Amino acid sequence: MNRAEVTEQIIEAKIRKGIRWADVADELGASKEWVTTACLGQMTLSADQAKKIARIFDLPRTAVAVLQTPPVRGQSEAAMASDPLIYRLREIVAVYGPTIKELIHEEFGDGIMSAIDFQLTLNRREDPKGDRVEIVLNGKYLPFPGA
């Protein structure tokens with residue numbers, strides 16, 4: 001059993017059982033964003049977290065070990081290019097990335113926003129013109145050496 005097979009089983013069980021990511025997050029005591037990322041195969045779970053996930057999604061015992069192994073992070077280029085939502089997120093970064101970089105450098109100096117010490121928050125915001133998706137990317141600033 002590999003990471004992709006475990007992810008497929010999680011998605012199948014989520015649909016079959018009508019599970020919401022926020023409910024899984026409550027069970028694990030973590031954010032819905034992190035738990036979803038982990039269940040989709042992009043984070044390493046602790047032994048306790050992996051056991052809880054296996055119980056929630058009725059996974060085989062072998063999945064517990066798989067969930068504790070470091071993943072290959074990132075998605076295939078083909079999948080990213082063909083999914084409309086992921087494509088739009090890439091488009092947003094392509095358009096606004098240079099602005100974000102410029103403003104980070106102006107505010108903090110020469111450096112980066114870390115994706116290791118990182119938090120993602122996604123919220124739904126009601127709006128009379130149509131509900132809005134609010135995405136907050138919260139990363140630690142790391143200066144480049146010598147900067």
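It should be emphasised that the depicted structure is a prediction, and the values quoted were computed from it without experimental measurement. For reference, positions follow the sequence shown, starting with 1. Just so you know, these numbers use all the heavy atoms, side chains as well, and skip hydrogens, waters and symmetry mates.
Between Gly41 and Pro71 the shortest heavy-atom distance is O-CB, 3.0 Å. Heavy-atom minimum distance, Thr44 versus Pro70: OG1-CA, 3.3 Å.
For residues 127-139, the pairs satisfying salt bridge (Lys or Arg N to Asp or Glu O under 4.0 Å) are Arg124-Asp131, Arg125-Glu134, with sequence neighbours left out.
Taking Leu120 as the reference, Glu33, Phe118, Ile135, Leu137 meet the side-chain contact (heavy atoms from CB on, under 4.5 Å) condition, with sequence neighbours excluded. Scored by the salt bridge (charged side-chain N to carboxylate O under 4.0 Å, His left out) test, Glu12 finds Arg16 as partners (sequence neighbours excluded). In this structure Arg88 satisfies the salt bridge (charged side-chain N to carboxylate O under 4.0 Å, His left out) test together with Glu91, sequence neighbours excluded. With sequence neighbours left out, Asp26 forms a salt bridge (charged side-chain N to carboxylate O under 4.0 Å, His left out) with no residue at all.
Between Lys14 and Cys39, every side-chain heavy-atom pair lies at or beyond the 4.5 Å cut-off. Within the 4.5 Å cutoff, side-chain heavy atoms of Asp110 are placed close to those of His105.
Heavy-atom neighbours of Lys32 NZ from other residues, nucleotides or ligands within 6.0 Å: above the threshold of 12.
In terms of hydrophobic clustering, with Ile, Leu, Val, Met, Phe, Trp and Tyr side chains grouped at heavy-atom distances under 4.5 Å, Val136 and Val133 are assigned to different clusters. When hydrophobic clusters are built by joining Ile, Leu, Val, Met, Phe, Trp and Tyr residues whose side-chain heavy atoms come closer than 4.5 Å, directly or via intermediates, Leu142 is not grouped with Ile116.
The main-chain N or O of Val64 is found under 3.5 Å from a side-chain atom of Gln68 such that the two form a donor-acceptor pair. Distance alone, capped at 3.5 Å, places no donor-acceptor pair between the Lys52 side chain and the Ala47 backbone. In this structure, the side chain of Glu107 does not engage the main chain of Ile104 through any donor-acceptor pair within 3.5 Å.
A distance of 11.0 Å separates NZ of Lys140 from CD1 of Ile112, quoted to the nearest 0.5 Å. Remark: Gln42 CD to Thr36 OG1 distance equals 12.5 Å, nearest 0.5 Å.
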Go through the steps to decide whether Asp58 and Lys17 satisfy the test side chain to side chain contact (heavy atoms under 4.5 Å, CB included), and finish with yes or no.
CA-CA 10 Å; Asp58 299 325; Lys17 297 174 84 174; 3.1 Å; yes
Could you give me the CA-CA distance, side-chain angles and deciding distance for Val93 and Leu89, then say whether side chain to side chain contact (heavy atoms under 4.5 Å, CB included) is met?
CA-CA 6 Å; Val93 172; Leu89 289 170; 5.9 Å; no
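Taking Ile, Leu, Val, Met, Phe, Trp and Tyr as hydrophobic and joining them when side-chain heavy atoms fall under 4.5 Å apart, one finds Val24 in a cluster with Met1, Val6, Ile10, Ile11, Ile15, Ile19, Trp21, Leu28, Trp34, Val35, Leu40, Met43, Leu45, Ile53, Ile56, Phe57, Leu59, Val66, Leu67.
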